[in-house]
J.: 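Supplied in structure tokens, the structure appears directly below.
Residue numbers begin at 1 in each chain, while the letters A, B, ... track the order of the sequences.
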2 protein chains.
Amino acid sequence: MGITILEIAKKTGYSKSTVHRALTSSSRIDEKTRQEILRIANKYKYEPNLQARCLCGAKTKILGVIIPDVGNSFYAKALKGIDELAEREGYNVLMFTSHMSEKKEELIVRKLQNHGVEGLLISSMAGGLELVSALKNAGIPYVGFHQTNMSDIDFVHSGLEIGAFKITDYLISLGHRRIGHVTIDQPVDLGIAQKLEGYKRALEKNGIPFDETLIMSRSKFYGFNTGYEATKELLKLRNPPTAVFVLCDRIAVGAVKAIKASGLRIPMDISVAGYDNEPFSEVIDPPLTTVSSSAYEIGKSAAELLIENIENTNTKKRQLVIEPVLVIRDSCRKIG
Amino acid sequence: MGITILEIAKKTGYSKSTVHRALTSSSRIDEKTRQEILRIANKYKYEPNLQARCLCGAKTKILGVIIPDVGNSFYAKALKGIDELAEREGYNVLMFTSHMSEKKEELIVRKLQNHGVEGLLISSMAGGLELVSALKNAGIPYVGFHQTNMSDIDFVHSGLEIGAFKITDYLISLGHRRIGHVTIDQPVDLGIAQKLEGYKRALEKNGIPFDETLIMSRSKFYGFNTGYEATKELLKLRNPPTAVFVLCDRIAVGAVKAIKASGLRIPMDISVAGYDNEPFSEVIDPPLTTVSSSAYEIGKSAAELLIENIENTNTKKRQLVIEPVLVIRDSCRKIG
DNA sequence: TGAATATGCGGGAACGTTCCCGCAGTAAAA
DNA sequence: TTTTACTGCGGGAACGTTCCCGCATATTCA
């Protein structure tokens with residue numbers, strides 16, 4: 001639709017080569033002719049055809065992003081971070097949703113090449129090593145973000161283990177010794193195991209023995225009910241916990257309901273902590289103490305790393321952690 | 001990187017034309033040779049090079065989406081709907097975020113052509129008519145969704161006016177006659193005016209005179225505070241409303257706080273209704289009566305329309321409304 | 001003054017595909 | 001039998017760009 005390099009050549013009387021040189025600000029061209037050509041190019045709003053360009057080996061300026069689900073606010077925010085940085089650096093974002101399936105991921109890699117994607121951001125890796133090696137074979141730079149347990153690739157970690165450690169350590173600092181952990185059964189989601197690790201490490205650091213009966217899960221779904229059922233169960237224990245660290249705020253809402261339904265008060269009788277700092281966590285009763293990892297920052301940093309890898313082939317492997325921060329509100333209280 | 005059509009031709013002994021025919025399942029090819037070629041193609045995992053393909057006028061299978069902000073849950077969900085339908089139909093999604101700025105939108109249109117985007121989904125139109133005519137000139141099909149006041153283009157409407165009408169009508173049906181409306185000053189956002197229209201229409205239908213003093217806005221930002229301030233003001237009126245319809249759930253949370261701070265009870269003393277059915281609306285105290293428009297459905301329908309327009313050039317202009325539904329919870333009550 | 005070098009520019013090839021035209025060979029219709 | 005149509009296939013051109021090579025002319029050096 002737009003004007004082509006050849007048409008500009010016709011209009012200016014130069015050859016396509018010279019026009020190309022003027023446009024790419026390369027050397028070996030007279031400054032006067034460059035200005036002349038540039039004037040015409042701007043007049044007709046020349047824009048290079050990306051398809052043609054990358055057909056002869058040039059750059060597409062497209063970044064691929066694999067996320068499990070855009071509907072999830074975490075990934076949406078991360079995508080925002082990615083998008084903003086990409087835009088700043090002149091890249092565009094092509095989105096692929098995997099829904100945590102290996103098959104999809106393999107198919108995606110195939111597609112990547114066809115779209116001339118220059119680099120890939122991967123948030124979840126159901127495909128794991130196979131996906132990574134496929135990427136390596138294709139020669140596409142990639143960086144992981146959020147969840148991953150691979151140590152030999154670039155990634156930006158959301159520090160789930162650290163966040164879980166922090167909040168558990170905080171509960172302990174308030175005097176709690178019996179801290180329940182409400183979680184779910186979902187082996188694909190690496191974050192769940194990471195949070196459990198952080199929980200355990202905090203106990204260990206403070207010399208509290210790990211008690212398996214305090215780890216409770218009643219389903220494999222993220223949802224209010226999941227938290228409700230598991231917490232009910234936790235409260236039935238002979239020696240119930242004085243505080244509960246819940247996998248995420250969403251599930252924590254169910255936990256809060258269960259506790260209220262049992263006639264207990266938060267935080268007077270029992271403390272509750274969540275994870276994610278969802279928009280609603282601030283407005284529920286009581287406002288929830290939780291952990292916030294900036295999805296936006298994670299996405300942005302991951303994009304930053306990726307673009308560096310693309311433009312600067314020989315960078316060392318780097319692993320970043322966007323430190324999660326404690327958001328202290330009113331749902332936890334000093335014991336005794 | 002992958003194998004090309006020409007290499008398959010070499011391997012099978014046929015010409016590139018025949019290979020192409022086999023691959024595109026066109027006619028005028030012997031079924032036996034097709035199978036033979038297909039076998040080789042699959043063996044070497046042939047994938048057509050999209051750049052080359054669309055350079056000679058073929059389809060890129062890329063859909064562009066312009067949204068103001070992915071961080072916003074509504075747009076994220078709409079994007080999900082778009083993405084899922086696009087995937088089903090073999091399309092990919094290239095995302096552009098406009099941040100509600102005209103300049104960006106113009107630049108985006110330029111980019112679209114270079115990326116060979118086949119169609120465009122537009123959620124906000126700061127650029128308005130100019131953007132649309134630029135699109136028309138470029139020959140790119142497009143459909144608007146969510147907010148738009150243009151009648152001569154395809155769009156999927158989220159029915160903001162209808163939703164506002166429904167909730168206001170519902171409040172009236174509960175016996176309320178003085179219904180406040182908490183809103184914000186943001187002329188770029190068309191949805192605000194649409195909701196006000198729906199509010200007015202419901203009053204009119206029920207023979208209630210419109211009272212300007214009941215329309216209250218104290219800022220131009222979406223946020224808790226906005227709702228808090230405006231509602232405080234509303235409660236100070238000589239003849240305060242018995243019910244408040246708030247622009248969105250987010251702001252409604254502020255309204256709820258303001259009412260509680262004034263010592264009034266919801267819904268016993270005053271009813272509150274929101275809009276959007278945010279995840280937190282269900283868990284606040286009291287659970288908020290609100291309106292839900294399925295962003296997912298809107299995105300999906302818009303993508304559906306667009307793909308039809310792309311593949312089926314001469315379709316009539318269509319305008320869909322995804323009917324918003326009332327979500328009745330505990331924040332509104334019969335008066336008296 | 002002659003040779004080497006630098007500058008400014010043009011032309012051809014290539015990227016991988018699609019579309020169009022043409023050409024045999026065979027089958028159907030006259 | 002001749003004409004017509006159809007089938008199966010090959011080859012050339014085109015899409016718009018980039019890269020490489022080469023050719024004049026101007027400049028520098030011995």
J.: Do the side-chain N or O atoms of A:Tyr46 get closer than 4.0 angstrom to the phosphate oxygens (OP1, OP2) of D:dT17?
T.: yes
J.: Aromatic ring centroids of A:His157 and A:Phe145 under 6.0 Å?
T.: no
J.: Is A:Arg34 salt-bridged to A:Glu31, going by a charged N under 4.0 Å from an acidic O?
T.: yes
J.: Expressed as a whole number of angstroms, how long is the span from A:Arg21:CZ to D:dC20:C1'?
T.: 11 Å
J.: For A:Lys16 and for A:Arg28, find the nucleotide of DNA chain D with the closest heavy atom, then tell me which residue's nucleotide is more 5'.
T.: A:Lys16
J.: Base of D:dG11, side chain of B:Ser17 - is there a donor-acceptor contact under 3.5 Å?
T.: yes
J.: Looking at D:dT18, I'd like to know if its phosphate oxygens (OP1 or OP2) sit under 4.0 Å from a side-chain N or O belonging to A:His20.
T.: yes
J.: Using whole Å, what does the distance between atom C1' of nucleotide D:dA26 and atom CG of A:Asp30 come to?
T.: 12 Å
J.: For the residue pair A:Lys61 and A:Tyr91, would you count it as a cation-pi contact if the rule is NZ or CZ under 6.0 angstrom from the ring centre and within 45 degrees of the ring axis?
T.: yes
J.: Tell me what B:Thr4 touches on the nucleic acid: a base, only sugar-phosphate, or nothing, going by heavy atoms under 4.0 Å.
T.: sugar-phosphate
J.: Could you state the CD-P distance from B:Gln51 to D:dT17, rounded to the nearest angstrom?
T.: 14 Å
J.: For D:dC9, does OP1 or OP2 lie under 4.0 Å from any side-chain N or O of B:Thr33?
T.: yes
J.: If you assign B:Val19 and B:Ala52 each to the DNA chain D nucleotide with the nearest heavy atom, which residue ends up on the more 5' nucleotide?
T.: B:Val19
J.: At under 4.0 Å between heavy atoms, what does A:Arg53 touch on the DNA or RNA strands: base, sugar-phosphate, or nothing?
T.: sugar-phosphate
J.: Using atom CG of A:Leu55 as one end and atom P of D:dC19 as the other, report the distance to the nearest whole Å.
T.: 13 Å
J.: What is the distance, rounded to the nearest whole Å, between atom CD1 of A:Ile5 and atom P of C:dG10?
T.: 13 Å
J.: Using whole Å, what does the distance between atom P of nucleotide C:dG16 and atom CG of B:Leu23 come to?
T.: 15 Å
J.: More than 12 foreign heavy atoms under 6.0 Å from CZ of B:Arg39: is that the case here?
T.: no
J.: Are B:Thr18 and D:dC9 close enough that a side-chain N or O sits under 4.0 Å from OP1 or OP2?
T.: no
J.: Can you tell me the distance, in whole Å, between the CG atom of B:Asn49 and the P atom of C:dA14?
T.: 17 Å
J.: Which pair of non-hydrogen atoms, one from B:Lys80 and one from A:Val70, has the smallest distance, and what is that distance?
T.: CA-CG2, 3.8 Å
J.: How close or far is atom P of D:dC9 from atom CD of B:Glu36, stated in whole angstroms?
T.: 9 Å
